[in-house]
Asks: 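One structure follows; several queries about it will come next.
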Amino acid sequence: MNQDASYFFCGIGGSGMLPLAMIVQARGAVIEGSDRALDQGRTPEKFDWLRAHGVTLHPQDGSGVTRADQTVVATGAIEETVPDIGAARRAGATIKTRPELLSELFNAAPTSVGVAGTSGKSTITGMIAWILHQTGREPTVMNGAVMKNFADADHPFASALIGGPDLFVSEVDESDGSIARYDPTVAVVSNISLDHKSMEELRELFGGFTARATTAVLNLDNPETAALAQTLPAGKAITFGLGEEKADLSAHDLQPLPTGMRFRLIEGWSEHDVVLNVPGAHNVANALAALGATRALGVPTAEAVKALETFAGIRRRMEVVGRAGDITVIDDFAHNPDKIAATLKTLHAFDGRLLILFQPHGFGPLKLMKSEFIDGFAGLMREDDVLLMPEPVYYGGTTDRSVGSEDIASGVRAAGRQAEALATRADCGDRIVAIAKPGDRIIVMGARDDTLSTFAAELLGRLGQ
């Protein structure tokens, strides 16, 4: 990347765009951008922070894109209706998608770690980042969520870590097919399950991803990743699993702690006692994946285990917002059946009724996975738990809205559990405040909406009055 390159990020406030812009800026480029949220006056502190860090912001009306020497970066899909894209076409500027730019930076690094899978990616990426940082490896890291270890007053949006150019760690997305662009040194696959694409497509994408790597780190507890491990030549895979004796890294004697987990790690002939400050069996699996990746890079396991003890977690991954009158409010990113199941299982390791607010992030996923959502909630909720769902976020367009929140709620009720669908999130909030009592845990679940965290904080404030 030449020193005075000029980049214009369309949607620069997005969780995937902002950190990428910071990485590109650290390599000497001039950064400009636009965002619909900026034009609408939402999350002003984020845009103030960007300005303070040398980013020039423009309205999203095409006025910021005027030169052929600008590279305009769009999200995964280039939407011709966005004025900045039209302006880029007129000016003769280069247009790249976020996955194109990210994969170019990733593939240019001599050593790279790509973290893929249906769930756990952000946490595994964060764990790898912390281990490498703590052991002096200076990685550059691109994550899809804020890593609490790296967040401070000056870096409130720490979903990236700016390190050297020689070691690049990134979360890699299969949902848009962009995983096919990455050529990792180490390929981590946490699990493969239905989320956005058919199983055939997923097998092909993940198979290619691991085939291109020098080492693949694979989960034997997931049937699809275990099958993938069978196809690789001897010595190429590092495997992991919970209680799985034949895995290279296996976890035993899992013991839930109020804020974390304790387990025994068996690696060949050696054993380690591991303490995590993030809860749930799924985080033990995430830790094994991270340990496999850093082992592939030559980090001694004992050093990696020590670093993991101080891993603080990822924002909005079962993040305790606070407590008011013996009622706990938790903010969580869970949005597909796998992630929701992991969260509910972890929370049910301890006593207390759950009041679950689940905001779907679109009508499409509800229709695609209707039965999985119903079975997941009905199977994991206890009799006194209550599920509250507002209608999915709808931004207009031609979306098929034939399956809504009431379809899920009525399915859960038919299975003998308590569930209500209300028109708006505010209605759900009022209902939660009305029924919450001491000992309850309120969990705010959903993705792709920055205001969920604000909503969770407001709930806590109302409970404390």
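We count residues from 1, following the sequence as given. Bear in mind that the values here come from a model prediction, so they are computed numbers and not experimental data.
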Asks: Hey, is Arg51 close enough to Asp48 for a salt bridge, meaning N to O under 4.0 Å?
Replies: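 The answer is yes: the pair qualifies as a salt bridge.
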Asks: Apply side chain to side chain donor-acceptor pair (under 3.5 Å) to Thr225 and Asn219, showing your working.
Replies: CA-CA 6 Å; Thr225 42; Asn219 179 7; 4.7 Å; no
Asks: With Tyr182, which of Phe168, Phe206, Phe106 fulfils ring pair (Phe, Tyr, Trp, His ring centres under 6.0 Å)?
Replies: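 Running ring pair (Phe, Tyr, Trp, His ring centres under 6.0 Å) over Phe168, Phe206, Phe106 with Tyr182 returns exactly one hit, Phe106.
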Asks: Tell me if the CD atom of Glu383 is crowded by more than 12 foreign heavy atoms within 6.0 Å.
Replies: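 Count not over threshold, so no.
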Asks: Angle class for the Trp130/Phe150 ring planes (parallel below 30°, perpendicular above 60°, tilted otherwise)?
Replies: perpendicular
Asks: Checking side chain to side chain donor-acceptor pair (under 3.5 Å) against Asp385, which of Arg417, Gln418, His348, Arg441 comes through?
Replies: His348
Asks: Might you work through the salt bridge (charged side-chain N to carboxylate O under 4.0 Å, His left out) test for Arg98 and Asp176, ending with a clear yes or no?
Replies: CA-CA 11 Å; Arg98 176 185 175 273; Asp176 59 3; over 6 Å; no
Asks: Start with the C-alpha gap between Val115 and Val172, add the side-chain angles, then the distance that decides, and say whether side chain to side chain contact (heavy atoms under 4.5 Å, CB included) holds.
Replies: CA-CA 6 Å; Val115 181; Val172 172; over 6 Å; no
Asks: Ile435 and Arg353: which non-hydrogen atoms are nearest, and at how many Å?
Replies: O-NH2, 2.9 Å
Asks: Please round to the nearest 0.5 Å and tell me the distance separating atom OG1 of Thr346 and atom CE of Met318.
Replies: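 That separation rounds to 4.0 Å.
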Asks: Which is it for Leu105 and Met142 under the side chain to side chain contact (heavy atoms under 4.5 Å, CB included) test, yes or no, and what are the steps along the way?
Replies: CA-CA 10 Å; Leu105 293 170; Met142 175 73 211; over 6 Å; no
Asks: Evaluate the criterion side chain to side chain contact (heavy atoms under 4.5 Å, CB included) for residue pair Lys46 and Leu18; output intermediate values, then yes/no.
Replies: CA-CA 10 Å; Lys46 183 185 286 185; Leu18 189 154; 3.8 Å; yes
Asks: Are the charged groups of Arg462 and Asp430 less than 4.0 angstrom apart, N to O?
Replies: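 The answer is yes: the pair qualifies as a salt bridge.
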Asks: For residues Leu242 and Leu288, determine if any side-chain heavy atom of one lies less than 4.5 Å from a side-chain heavy atom of the other.
Replies: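 In short, these two side chains touch, coming nearer than 4.5 Å.
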Asks: Suppose we screen for salt bridge (charged side-chain N to carboxylate O under 4.0 Å, His left out). Which residues come up paired with Lys246, at least two apart in sequence or across chains?
Replies: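 Listed in chain order: Glu244.
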Asks: Does the pair Phe209 and Leu205 meet the rule for a side chain to side chain contact (heavy atoms under 4.5 Å, CB included), with working shown?
Replies: CA-CA 6 Å; Phe209 179 63; Leu205 288 169; over 6 Å; no
Asks: Do other residues, nucleotides or ligands put more than 12 heavy atoms under 6.0 Å from Glu138 CD?
Replies: no
Asks: If you count every heavy atom of other residues, nucleotides or ligands that lies below 6.0 Å from Glu204 atom CD, does the total exceed 12?
Replies: no
Asks: Flag the pair Arg203 and Glu200 as a salt bridge only when some basic side-chain nitrogen lies within less than 4.0 angstrom of an acidic carboxylate oxygen.
Replies: yes
Asks: Once salt bridge (charged side-chain N to carboxylate O under 4.0 Å, His left out) is applied, what residue pairs with a partner in residues 144-156 remain, sequence neighbours excluded?
Replies: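 Non-adjacent pairs meeting salt bridge (charged side-chain N to carboxylate O under 4.0 Å, His left out): Lys148-Glu319.
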Asks: Got more than 12 heavy atoms from elsewhere within 6.0 Å of CZ, Arg413?
Replies: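 Result for CZ/Arg413: enclosed.
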Asks: What's the verdict on side chain to side chain donor-acceptor pair (under 3.5 Å) for Asp338 and Thr118, showing C-alpha distance, side-chain angles and the deciding distance?
Replies: CA-CA 8 Å; Asp338 267 13; Thr118 314; 5.2 Å; no
Asks: State, yes or no, whether a side-chain contact exists between Asn191 and Ser119 at a heavy-atom distance under 4.5 Å.
Replies: yes
Asks: State, with a plain yes or no, whether a side-chain heavy atom of Pro365 is found less than 4.5 Å away from one of His335.
Replies: no
Asks: Can you label the angle between the Phe358 ring and the Phe373 ring as parallel, tilted or perpendicular, going by 30° and 60°?
Replies: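 Judged by the thresholds at 30° and 60°, the geometry between Phe358 and Phe373 is tilted.
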